[in-house]
**Q** 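Attaching a single structure in structure tokens format; questions to follow.
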Amino acid sequence: MTSRRLADALLACASGIRHLEAGTSLLIDCGSWLHREDFTSRFITTGTSISDGTTILADTDWEAAIAALHAGELPASSGERRMLLLAASIAGGTPVSLSSTLPGIDRRNASLVVSAIAHAAGLPDPKQETDKWHQNG
């Protein structure tokens with residue numbers, strides 16, 4: 001399955017559950033994890049929707065992924081590690097220390113995290129609000 005189809009399947013499964021949508025979108029948008037066979041083959045399960053029999057759904061085993069990350073079984077750069085920890089915390093409730101995870105995140109990923117938190121809280125995307133302010137200001 002291509003990473004785009006896998007992303008669509010993950011989002012279809014998360015649909016309607018804000019925190020799950022937010023964490024899943026963060027995982028997708030950070031751009032690295034869905035391209036890694038060592039991640040997708042171990043921590044993402046796919047299936048077909050029972051309601052329509054055709055929609056492909058996918059689910060992430062957040063706890064297993066984080067356990068493997070902590071055990072050194074899932075190699076990652078510091079940026080990849082931080083983004084996976086944050087996505088898993090938002091979507092799956094896995095504990096993360098923000099004081100040790102947020103420092104060092106680049107501007108793009110920080111923006112993704114802020115958007116994910118806003119989405120999980122049911123708030124509008126702050127980037128879009130800022131863009132509107134700049135356009136109207």
Side-chain angles (χ1 to χ4, degrees):
M1 179 179 299
T2 67
S3 58
R4 182 68 251 159
R5 288 195 67 207
L6 184 55
D8 291 343
L10 286 164
L11 290 172
C13 192
S15 181
I17 306 168
R18 282 194 307 247
H19 72 278
L20 195 52
E21 290 173 342
T24 299
S25 291
L26 185 58
L27 179 77
I28 293 165
D29 294 342
C30 74
S32 58
W33 291 105
L34 297 190
H35 299 284
R36 293 183 48 172
E37 176 77 18
D38 64 335
F39 180 79
T40 59
S41 66
R42 288 179 61 191
F43 307 111
I44 296 180
T45 305
T46 60
T48 304
S49 169
I50 59 171
S51 60
D52 67 14
T54 60
T55 303
I56 303 297
L57 302 173
D59 187 44
T60 305
D61 186 343
W62 299 105
E63 288 184 24
I66 297 306
L69 186 69
H70 288 316
E73 298 168 3
L74 187 59
S77 70
S78 61
E80 289 172 331
R81 178 181 184 80
R82 287 178 175 107
M83 295 307 286
L84 181 57
L85 288 167
L86 291 164
S89 183
I90 293 167
T94 62
V96 65
S97 168
L98 295 177
S99 65
S100 63
T101 306
L102 291 176
I105 288 180
D106 64 27
R107 182 182 201 107
R108 178 185 174 277
N109 284 334
S111 180
L112 294 173
V113 171
V114 169
S115 293
I117 292 168
H119 183 86
L123 302 172
D125 187 336
K127 279 189 311 203
Q128 293 173 351
E129 292 297 309
T130 301
D131 291 344
K132 286 181 193 174
W133 181 80
H134 285 295
Q135 291 170 357
N136 295 330

**Q** Can you list the steps and then say if Arg36 with Glu80 is a salt bridge (Lys or Arg N to Asp or Glu O under 4.0 Å)?
**A** CA-CA 11 Å; Arg36 293 183 48 172; Glu80 289 172 331; 3.4 Å; yes
**Q** Provide the closest heavy-atom pair for Phe39 versus Leu84 in the form atom of the first, atom of the second, distance.
**A**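 The pair with the smallest heavy-atom distance is CE1-CD1, 4.0 Å.
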**Q** More than 12 non-hydrogen atoms from neighbouring residues, nucleotides or ligands closer than 6.0 Å to CD on Glu63, yes or no?
**A**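 Check fails, neighbour count at 12 or below.
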**Q** How close do Thr94 and Leu85 get, counting heavy atoms only, and between which atoms?
**A**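 The pair with the smallest heavy-atom distance is OG1-O, 4.4 Å.
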**Q** So does Trp62 get a backbone contact from the side chain of Thr60, meaning a donor-acceptor N/O pair under 3.5 Å?
**A**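 Judged by distance alone, no pair lies under 3.5 Å.
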**Q** How many angstroms lie between OG1 in Thr24 and CG in Leu34, if you round to the nearest 0.5 Å?
**A**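 It is 9.5 Å, given to the nearest 0.5 Å.
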**Q** Mind checking the OG1-CE spacing from Thr46 to Met1? Nearest 0.5 Å is all I need.
**A**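 Thr46 OG1 to Met1 CE: 5.0 Å, rounded to 0.5 Å.
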**Q** Kindly give the heavy-atom pair with the smallest separation between Ile90 and Gly23, and that separation in Å.
**A**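 Residues Ile90 and Gly23, closest heavy atoms: CG2-N, 3.6 Å.
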**Q** Rounded to the nearest 0.5 Å, how far does CG of Leu98 lie from OG of Ser89?
**A**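 Ser89 atom OG to Leu98 atom CG measures 7.0 Å (nearest 0.5 Å).
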**Q** So if you build clusters from Ile, Leu, Val, Met, Phe, Trp, Tyr with side-chain heavy-atom gaps below 4.5 Å, do Ile28 and Leu69 land together?
**A**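 Yes, because Ile28 and Leu69 connect within a single hydrophobic cluster, where side-chain heavy atoms sit under 4.5 Å apart.
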**Q** Among Leu26, Ile105, Leu27, Asp106, whose side chain to side chain contact (heavy atoms under 4.5 Å, CB included) with Leu112 holds?
**A**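 The option that passes is Leu26.
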**Q** Are side-chain heavy atoms of Cys30 and Asn109 found at a separation under 4.5 Å?
**A**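 Yes, their side chains come closer than 4.5 Å.
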**Q** To the nearest 0.5 Å, tell me how far Asp61 CG sits from Phe43 CZ.
**A**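 Rounded to the nearest 0.5 Å, the CG-CZ separation comes out at 7.5 Å.
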**Q** Count the heavy atoms of every other residue, nucleotide or ligand shown that sit under 6.0 Å from CZ of Arg108, and state whether that count exceeds 12.
**A**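 Yes, because the 6.0 Å sphere around CZ of Arg108 holds more than 12 heavy atoms from other groups.
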**Q** Any side-chain to backbone donor/acceptor pair from Glu21 onto Ala120? Under 3.5 Å, distance only.
**A**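 Side chain of Glu21 to backbone of Ala120, a donor-acceptor pair under 3.5 Å: no, none is there.
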**Q** Working note: Thr45 + Asp59, criterion side-chain hydrogen bond (donor to acceptor under 3.5 Å, both in side chains); need CA distance, chi angles, decisive distance, verdict.
**A** CA-CA 5 Å; Thr45 305; Asp59 187 44; over 6 Å; no
**Q** Looking at side-chain heavy atoms only, is the closest gap between Thr48 and Ile56 below 4.5 Å?
**A**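 Touching, per the 4.5 Å side-chain cut-off.
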**Q** State, to 0.1 Å, how close Ala58 and Cys13 come at their nearest heavy-atom pair, and which atoms those are.
**A**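 Closest heavy-atom pair between Ala58 and Cys13: O-CB, 3.0 Å.
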**Q** Can you give me the closest heavy-atom contact between Ala68 and Arg42, atom names plus distance?
**A**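 Heavy atoms only, the tightest pair is CB-NH2, 3.8 Å.
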**Q** Drop me the distance from Ile44's CD1 to Leu10's CG, to the nearest 0.5 angstrom.
**A**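 Between atom CD1 of Ile44 and atom CG of Leu10 there are 4.5 Å.
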**Q** Taking all non-hydrogen atoms of both residues into account, name the closest pair between Thr101 and Ser97 and its distance.
**A**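 Where Thr101 meets Ser97 most closely, the heavy atoms are OG1-O, 2.6 Å.
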**Q** Before you tell me yes or no, could you show the steps for Arg4 and Asp8 under salt bridge (Lys or Arg N to Asp or Glu O under 4.0 Å), namely the whole-Å CA-CA distance, both residues' side-chain angles and the distance that decides it to 0.1 Å?
**A** CA-CA 6 Å; Arg4 182 68 251 159; Asp8 291 343; 2.8 Å; yes
**Q** Determine yes or no for a side-chain-to-main-chain donor-acceptor pair under 3.5 angstrom, with Ser115 supplying the side chain and Ser111 the backbone.
**A**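 Yes; at least one donor-acceptor contact below 3.5 Å.
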